[in-house]
Amino acid sequence: MSAAAGTPPEGGGDRPWQSYHTAYTNAKAGMEGVDKEKVQKVIYEMSKGSKYFENEQRKEAVTKQKIEHLRAQCAALTDNDISHFQKVAEKKMLELEASRDLSKIWLHTDMDAFYAAVETLENPSLKGKPLAVGSMSMIATASYEARKFGVRAAMPGFIGCKLCPGLVFVRPNFERYTHYSELTRKVFQRYDPNFIATSLDEAYLNITNVCIERGITGEEVATELRSAIYQETGLTCSAGVAPNRMIAKVCSDINKPNGQFILPNDREAVLTFVSTLPIRKIGGIGKVTEQMLRQVLGISTCQEMLQKAAFLCALFSEGSADFFLSVGLGLGGTETPEQRQRKSISCERTFAATNDSSLLFEKLDSLAENLTDDLQKEGLKGKTLTLKLKTADFEVRTRAVTTRNYINSKEDILVYATKLLKAEMPLSLRLMGLRMSQLHDEKDDPSTSTQKTLDIFFRSSNDQQDFFLHDESCFIPEQRSFGNHSNEAVISKPLGGTKLDDVSSSAKVAPAEKLNEPDNLISPKAVASSSKPDQQSWIDGYICSICGFELPPGFEEERLEHSDFHLAETLQQEEAVDGTRHISNERLADRERPCSTTPTPKKKLKSSKEGKHIPIDAFFTKCNKNL
DNA sequence: GGGCCGTAGGCTT
DNA sequence: TTCCAAAGCCTACGGCCC
Ligand SMILES: Cc1cn([C@H]2C[C@H](O)[C@@H](COP(=O)(O)OP(=O)(O)OP(=O)(O)O)O2)c(=O)[nH]c1=O
Ligand SMILES: [Mg+2]
């Protein structure tokens, strides 16, 4: 028996729009005086009946099941279980508390209505008008004037129009945002050379030293910094100052448009601050997690995490529980993590739904071209290619292959992508995407110069679609702070070492590992069905016997890869026939029955945790697994 | 029992 | 009529291969 009691029914009753919380469930700055009920109703009216709506309903049903399952698990906990987990939780909390570090001062900055502000700056006639940056199908952000009408980021444009008839639209212009972002970063640099940029418009600065060296307070730094940014960009921003990043981020949102909020480095102040703070304000806790915690355990504020600590430990994975408890204690990242390199690069396009295969292949071709360009622009190659599909009814699927060698040429990409897509056809799609991961710097590779030869392909600029093509590549995006900083304990730079080293080491191994293995696929499926090579060879040592492609001396590696295509081609064709694919179906079957883990038997208390561990990332947290 | 792969899905801007 | 994005990161988990 848990705290499941006392949670409101959440039903739709005679006001269906009230239950359609599908999006926009989080409070956003600038939405204070908005008639939420009315907005909700408009959104509901415009959404209901659509494919999108149907899919949202389906997803909601799934999370409802998750919640039911958790409740059941919770109800099955015995007194013994509970007291056990209470001890576990208390121990955890003590450890976490012991790791509290109040010696650092962190500042988080967040530009105000960034894209919209930039557009207004470039075109002053937009000033004062309700503005949406985006298209009729999607709004990236809205000016504060527009927000008064309920218009906001991630809202489809046509709904924005309904909410705000005079809404002005401007298409995104990423070069501009990148430019202004760089200007702000020049300012950040002066306050913390190791600042962490988490997006074009956000960054964390460790201002501890500035405060000490100049003998000023965090508040003074914030004021000065914001002023400097305004001076040098003409844009306003908001700032939050706190002893750790997690809290600083929350603080920067408090006085959002052009304001700041400072939380002193004082334990009591932090605990008080966190005591009434809605969990949804914490980065990493989104709509689903919020609902689960509230509807299963009755948790809605951070402090309540501590009251339900035992249940959190009983129901969620260790990582998740640590994260939750950290939140309850107001702990977050305090050490500057290692510089992080990108892990994937991707592009995707939404289009009018179609099941026309030739049309789909055309689009795939364009995606491949796009991805190659982006990869080559950054001098990267990758081993895992993932095809993303969104069906006409908004269901998302991904299909991936991992190759033996690193690839980045268009034809390589296209060969694999095509196979992946073929295996799914026929079907009607509204989006396709390609992502390359397991990246590796091209430069580190001895057998360099790759693309030259394979670039002998179309170069035509595709039809830039409706707009919304990101290009945030630019600078040093140190994505997602992921507060996990493994505690200073271990000398200097302990954490990052592992993963980053991993990458670089495998990079060095790369050349060696591309032995004469003909099959470029790592997947055992292909290997298994092999043993029947289509005997591709090199005429005169450099002309492909199958397609006639020429790869002169000096392109040994390319020849190997090229051979791989042909082999993989034949192998995968066989494979596609013997429906090895559709693992997704198994998964669905799995879903039907609420996960394996039965409630915790008293004996193997541990096993209860093996249950359905809910995600939750460790953003911002400290969660020092002390290693 | 660890490590890798593939898939789904959550979260953020 | 149009009419719900794009890019990236992370965890969980089952299956497979050692
Ligand atoms: C939230 C969100 C933002 N963005 C882009 C547009 C935003 O201007 C930019 C920064 O995001 P935010 O900082 O979340 O939003 P904002 O700066 O526009 O407004 P404010 O901070 O004052 O509340 O990122 C998207 O493209 N999609 C999104 O879903
Ligand atoms: Mg912002």
Side-chain angles (χ1 to χ4, degrees), chain A residues 22-23 26 43 46-47 50-53 55-56 59 62-63 66 110-111 114-115 134-141 153-162 172 174 177 198-202 249 282-290 292 316-317 319-320 323 340 342-350 352 374 383-384 386 388 390 394-402 420 430-431 433 435 437-438 465-473 477-482 484 521-525 527-528 581-588 590-591 595-596 610-619:
Chain A
T22 172
N26 57 324
I43 294 174
M46 300 214 66
S47 303
S50 68
K51 297 272 192 183
Y52 174 81
F53 183 87
N55 189 251
E56 288 304 304
K59 291 195 307 195
V62 171
T63 77
K66 277 187 193 169
D110 186 332
M111 305 302 291
F114 189 49
Y115 293 2
S135 68
M136 225 32 154
S137 60
M138 185 49 59
I139 293 172
T141 195
M155 174 181 278
F158 65 93
I159 289 183
C161 282
K162 189 71 91 182
F174 295 97
Y177 315 141
T198 52
S199 71
L200 284 182
D201 90 319
E202 260 174 64
K249 162 110 173 131
I282 275 66
I285 296 184
K287 191 185 87 176
V288 172
T289 306
E290 176 190 38
M292 289 196 308
F316 298 94
S317 71
S320 296
F323 171 67
R340 312 212 304 151
R342 75 149 75 233
K343 293 203 163 59
S344 69
I345 183 163
S346 66
C347 61
E348 62 188 58
R349 294 292 161 72
T350 290
D374 291 350
K383 296 179 68 168
T384 300
T386 304
K388 175 178 172 179
K390 190 187 285 179
F394 290 86
E395 185 193 327
V396 175
R397 295 184 208 170
T398 63
R399 295 292 181 265
V401 275
T402 296
L420 292 174
R430 66 165 1 253
L431 170 148
R435 175 172 70 249
S437 49
Q438 290 219 63
Q465 75 152 140
D466 194 19
F467 301 87
F468 240 101
L469 309 186
H470 257 205
D471 187 27
E472 267 198 38
S473 43
E478 182 166 341
Q479 275 310 116
R480 224 58 255 138
S481 74
F482 177 98
N484 181 351
L521 284 187
I522 275 199
S523 166
K525 297 183 264 182
V527 177
R581 217 112 224 124
H582 315 306
I583 298 174
S584 62
N585 295 339
E586 302 174 17
R587 205 176 170 298
L588 280 182
D590 225 5
R591 281 226 170 284
C595 321
S596 48
E610 102 194 41
K612 265 31 280 166
H613 293 329
I614 280 58
I616 300 338
D617 21 62
F619 293 170

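Residue numbers begin at 1 in each chain, while the letters A, B, ... track the order of the sequences.
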Can you tell me how far [atom2] of [N] sits from [atom1] of [X], to the nearest Å?
X	N	atom1	atom2	result
E56(A)	dC3(C)	CD	C1'	15 Å
E290(A)	dC11(B)	CD	C1'	13 Å
K390(A)	dA6(C)	NZ	P	7 Å
K388(A)	dC9(C)	NZ	P	14 Å

Applying side-chain contact (heavy atoms from CB on, under 4.5 Å) to S344(A) and not counting sequence neighbours gives R435(A), S437(A)
Sorted by chain and number, sequence neighbours left out, side-chain contact (heavy atoms from CB on, under 4.5 Å) with K390(A) holds for F394(A), V396(A), R430(A), L431(A)
Check: Distance between the C1' atoms of dC11(B) and dA5(C), in whole angstroms?
Finding: 16 Å
Among dA8(B), dG8(C), dC4(C), the one nearest any side-chain atom of S47(A) is dC4(C)
Among residues at least two apart in sequence or on other chains, which ones pass side-chain hydrogen bond (donor to acceptor under 3.5 Å, both in side chains) with [X]?
X	result
T386(A)	none
K59(A)	E56(A)
K388(A)	E348(A)

Rounding to the nearest 10°, end axes of the helix from dG1(B)-dC18(C) to dT13(B)-dA6(C) built from five pairs each make an angle of 10°
Tell whether T289(A) reaches the base of dC11(B) with its side chain through a donor-acceptor pair below 3.5 angstrom.
no
request  = Examine dC5(B): is either OP1 or OP2 under 4.0 Å from a nitrogen or oxygen in the side chain of Q438(A)? Give yes or no.
outcome  = yes
Q.
Does dT11(C) have its OP1 or OP2 closer than 4.0 Å to a side-chain nitrogen or oxygen of K343(A)?
A. no
